[in-house]
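To start, the structure under review is shown below, and the notes come after it.
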Amino acid sequence: MTDLLLHTAEELHKLSRTGRRAVVMTMGALHEGHATLIRTARELAGPEGQVVVTVFVNPLQFGAGEDLDRYPRTLEADLVIAEEAGSDAVFAPAVDEVYPGGDPQVRITAGPMGERLEGATRPGHFDGMLTVVAKLLHLTRPDLALFGQKDAQQLALIRRMVTDLNFPVEVVGVPTVREEDGLALSSRNRYLSAAERGTALALSRALFAGRDRLAAQAALRARAEASPASDERATALARLGEIRASADAHAVSAAGSGLPDAVRAAALHVLDEAGRHEPPLVLDYLALVDPLDFTETGQDFTGQAVLAVAAKVGATRLIDNIPLEFGAHS
């Protein structure tokens, strides 16, 4: 196991440090996704640096009827994973250590961005998340803090908080880790039965379908833009038996917009099919959003976007997302 298991703020503050300190915040039940975060932290901190993993199931993040009581607590196994991935210390405080005065009366609010998507479904969730992240940043005093891109809205809000409130830390996003079949790694995956897991694969398949639609239509548009439409070109392509390709390419080019809706439609088709599975997928939301504020993209949107989905399969609620790029380099 890792050499250092710390339970109190006093122990943490006495922890000596050299080089840069990188922190990975978790709620425990570590899996390969967390291990990837820790390994990345180890690389960024360097051999002279220090990696601290926090393990704390934050009650402020759980709303009424959510799974606080049954959330897996596997500290012994977590310590093994953390050490093997390269951590130097694990900080696993009790609730009264993090909130010594009980529920904090002063909290960080996530603002309008925290009321969208996950925030609309789970009111107050992001306020609780930001409050504990702020506290853990103060307690661990890192130079770097690493978070997974699977929780894209959480990552965006943490970045905004760090910027708006002048936290002296660099926030690093780490790409989502997936199973071989595409399912995003999550501590909640262990709740899924075999049949439910089969249905849950629709989340990643829907995202990939949206990504593939974007790539296909962007390729058609690039092809059309590379060669101006003309009667002579159409005639030449027809002689080569490519009149359909010519028509498709110029039709996409002439449309000039509509890619966001096409991406949404491709993803929704997969999710609608999964809604007829047994057990069914119950969709919470599918959204294509601007990662700066998590508002829905318009039809003429260009730049980076996030295609995000949330759904229930049985009693388990899952989220997933992928980044997309709209524009000349799609």
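Residue indices begin at 1 and follow the sequence shown.
- You'll find the side chain of Glu170 reaches within 4.5 Å of the side chain of Arg20, heavy atoms only.
- Arg317 and Glu118 are joined by a salt bridge, as a carboxylate oxygen and a charged side-chain nitrogen come within less than 4.0 angstrom of each other.
- Here the side chains of Leu157 and Leu130 are in contact, with some heavy-atom distance below 4.5 Å.
- Val162 and Val132 end up in the same hydrophobic cluster when Ile, Leu, Val, Met, Phe, Trp and Tyr side chains are linked at under 4.5 Å.
- Criterion: ILVMFWY side-chain heavy atoms under 4.5 Å apart, direct or through other members. Under it, Leu165 and Leu155 are part of a common hydrophobic cluster.
- Of all heavy-atom pairs between Asp127 and Ala110, the closest is OD1-N, 2.7 Å.
- A donor-acceptor pair under 3.5 Å links the side-chain atoms of Thr8 to the main chain of Glu11, judged by distance alone.
- Counting heavy atoms from C-beta on, the side chains of Asp88 and Val52 never come closer than 4.5 Å.
- Using a 4.5 Å cut-off between side-chain heavy atoms of Ile, Leu, Val, Met, Phe, Trp and Tyr, with links allowed through other members, Met113 and Phe147 fall into the same hydrophobic cluster.
- Here the closest non-hydrogen pair linking Val169 and Pro142 is CG2-O, 3.8 Å.
- In the displayed structure, His269 atom NE2 is contacted under 6.0 Å by at most 12 heavy atoms of other residues, nucleotides or ligands.
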Would Phe126 and Ile158 satisfy side chain to side chain contact (heavy atoms under 4.5 Å, CB included), going step by step from the backbone distance to the final call?
CA-CA 10 Å; Phe126 286 126; Ile158 291 170; over 6 Å; no
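- Residues Val174 and Leu44 share a single hydrophobic cluster, defined by chaining ILVMFWY side chains whose heavy atoms lie under 4.5 Å apart.
- Between the Gln217 side chain and the Ala215 main chain, no donor and acceptor come within less than 3.5 Å of each other.
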Apply the test side chain to side chain contact (heavy atoms under 4.5 Å, CB included) to residues Tyr191 and Glu196: give CA-CA distance (whole Å), side-chain angles for both, the deciding distance (0.1 Å), then the verdict.
CA-CA 9 Å; Tyr191 300 150; Glu196 289 170 343; over 6 Å; no
Hey, mind stepping through Phe91 and Val55 against side chain to side chain contact (heavy atoms under 4.5 Å, CB included) and telling me if it holds?
CA-CA 6 Å; Phe91 178 50; Val55 175; over 6 Å; no
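- Side-chain contact between Met161 and Phe167 is present, with heavy atoms from C-beta onward closer than 4.5 Å.
- Leu6 and Val23 fall within the same hydrophobic cluster, defined by Ile, Leu, Val, Met, Phe, Trp and Tyr side-chain heavy atoms under 4.5 Å apart, directly or through other members.
- Here the closest non-hydrogen pair linking Leu283 and Ala310 is CD1-O, 3.5 Å.
- Between Arg39 and Glu43 there is no salt bridge, since no side-chain nitrogen of the basic residue lies less than 4.0 Å from a carboxylate oxygen of the acidic one.
- Checked by atom type and distance alone, the side chain of His7 pairs as donor or acceptor with a backbone atom of Ala92 at under 3.5 Å.
- Here Leu37 contributes atom CG and Arg42 contributes atom CZ; the two are 14.5 Å apart, rounded to the nearest 0.5 Å.
- Atom CG of Leu146 is separated from atom OG1 of Thr26 by 12.5 Å, given to the nearest 0.5 angstrom.
- Other residues, nucleotides and ligands contribute at most 12 non-hydrogen atoms within 6.0 Å of the CD atom of Gln304.
- In this model, a donor atom of one side chain and an acceptor atom of the other lie less than 3.5 Å apart for Asp261 and Gln299.
- Here the CD-CG distance, from Glu10 to Leu15, works out to 13.0 Å after rounding to the nearest 0.5 Å.
- By the 4.0 Å N-to-carboxylate-O rule, Arg73 lies too far from Asp78 to be salt-bridged with it.
- Taking each heavy atom of Ala41 and Val24 in turn, the nearest pair found is CB-CG2, 3.9 Å.
- Between Val133 and Met129 the shortest side-chain heavy-atom distance falls below 4.5 Å.
- Here the side chains of Thr140 and His13 are not in contact, with every heavy-atom distance at 4.5 Å or above.
- At a threshold of 4.0 Å, the pair Arg197-Asp181 counts as salt-bridged, since one of the basic side-chain nitrogens sits closer than that to a carboxylate oxygen.
- Residues Phe62 and His125 are not in side-chain contact: their nearest non-hydrogen atoms beyond the backbone lie 4.5 Å or more apart.
- Smallest separation of non-hydrogen atoms from Arg190 and Pro72: NH1-CB, 3.8 Å.
- Under 3.5 Å, the side chains of Thr297 and Asp290 contain no donor-acceptor pair of N or O atoms.
- Looking at Gln153, its side chain does come within 3.5 Å of a backbone N or O of Arg116 through a donor-acceptor pair.
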Side chain to side chain contact (heavy atoms under 4.5 Å, CB included) between Thr295 and Val289: does it pass, once the steps are laid out?
CA-CA 5 Å; Thr295 56; Val289 298; over 6 Å; no
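- Salt-bridge annotation for Glu296 and Arg264: present, with a side-chain N of the basic residue lying under 4.0 Å from a carboxylate O of the acidic one.
- Checked options Leu307, Leu324, Val263; the residue passing with Arg211 is Leu324 (criterion: side chain to side chain contact (heavy atoms under 4.5 Å, CB included)).
- Using modelled atom types, no side-chain atom of Gln154 and backbone atom of Gln149 make a donor-acceptor pair closer than 3.5 Å.
- Without hydrogens or angle criteria, Thr199 side chain to Leu281 main chain gives no donor-acceptor distance under 3.5 Å.
- Asn58 and Tyr71 form no side-chain donor-acceptor contact under 3.5 Å, judged by distance and modelled atom types alone.
- A salt bridge links Asp143 with Arg17: the closest approach of a Lys/Arg side-chain nitrogen to an acidic carboxylate oxygen falls below 4.0 angstrom.
- Between the side chain of Thr163 and the backbone N or O of Arg160, no donor-acceptor pair lies under 3.5 Å.
- Atom CD of Glu84 and atom CG of Leu30 lie 11.0 Å apart (nearest 0.5 Å).
- A salt bridge links Asp320 and Arg178; the closest N-O separation between the charged side-chain nitrogens and carboxylate oxygens is under 4.0 Å.
- For the pair Ala184 and Lys150, the tightest heavy-atom approach, listed with the atom from each and the gap, is CB-CD, 3.7 Å.
- Distance alone, capped at 3.5 Å, places no donor-acceptor pair between the Glu325 side chain and the Ala305 backbone.
- Side-chain atoms of His34 come within 3.5 Å of backbone atoms of His31 as a donor-acceptor pair (strictly under, hydrogens ignored).
- In this structure, OG1 in Thr316 is found 8.5 Å from CG in Asn189, a value given to the nearest 0.5 Å.
- Counting heavy atoms from C-beta outward, Arg188 and Leu318 have side chains that approach closer than 4.5 Å.
- Taken to the nearest 0.5 Å, the CD atom of Glu273 stands 12.0 Å off from the CG atom of Leu268.
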